[in-house]
Amino acid sequence: MRLFGAARSERAAELVVLVALIGSYTILKAPTLHITIGDQNLWYYASYLWAQGFIPYRDFFHSHPPFHILVPTIVILVAGMKIPLL
């Protein structure tokens with residue numbers, strides 16, 4: 001009978017540690033759980049312009065290699081400007 005009590009207390013200790021880890025992670029991540037504006041839309045817009053035959057600006061491919069933009073451009077050419085596919 002004592003064996004089952006020890007196993008139950010170990011299981012409870014593991015559960016407390018797990019809940020503490022998840023809780024501390026949630027508290028630490030809470031400030032960043034919002035939508036942020038980044039430069040990801042730049043790739044979609046540049047791909048759209050490239051699919052239309054325009055280069056966004058003269059030095060675009062010096063700062064953004066064309067292979068990064070090639071896949072979204074092909075998707076835009078095939079399926080149109082559909083954000084879920086991009």
Side-chain angles (χ1 to χ4, degrees):
M1 198 55 132
R2 186 171 192 160
L3 179 63
F4 294 116
R8 190 178 349 193
S9 67
E10 286 178 14
R11 182 83 170 155
E14 291 173 357
L15 186 61
V16 168
V17 169
L18 181 65
V19 168
L21 285 173
I22 292 172
S24 61
Y25 178 78
T26 303
I27 289 170
L28 290 173
K29 289 299 282 182
T32 61
L33 293 177
H34 61 279
I35 296 174
T36 58
I37 298 174
D39 66 345
Q40 288 82 14
N41 293 332
L42 169 88
W43 295 100
Y44 302 140
Y45 182 67
S47 297
Y48 176 73
L49 288 177
W50 203 24
Q52 300 298 317
F54 298 106
I55 295 177
Y57 50 91
R58 187 177 69 190
D59 296 334
F60 181 76
F61 293 120
H62 291 295
S63 59
H64 305 287
F67 293 114
H68 291 179
I69 202 169
L70 185 62
V71 173
T73 302
I74 292 171
V75 171
I76 288 172
L77 286 172
V78 171
M81 189 70 169
K82 298 200 177 4
I83 296 296
L85 291 177
L86 291 173

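Nothing fancy with the numbering, it's 1 onward along the sequence.
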- Euclidean distance, Glu10 CD relative to Leu15 CG, rounded to 0.5 Å: 13.5 Å
- Query: So if you build clusters from Ile, Leu, Val, Met, Phe, Trp, Tyr with side-chain heavy-atom gaps below 4.5 Å, do Ile74 and Trp50 land together?
  - Reply: yes
- Item | side-chain contact (heavy atoms from CB on, under 4.5 Å) involving Ile22 - partner list, sequence neighbours excluded | Leu18, Thr26
- Please write out which residues are connected to Tyr25 in a hydrophobic cluster, directly or through intermediates, given that two of Ile, Leu, Val, Met, Phe, Trp, Tyr count as joined at side-chain heavy-atom separations below 4.5 angstrom. none
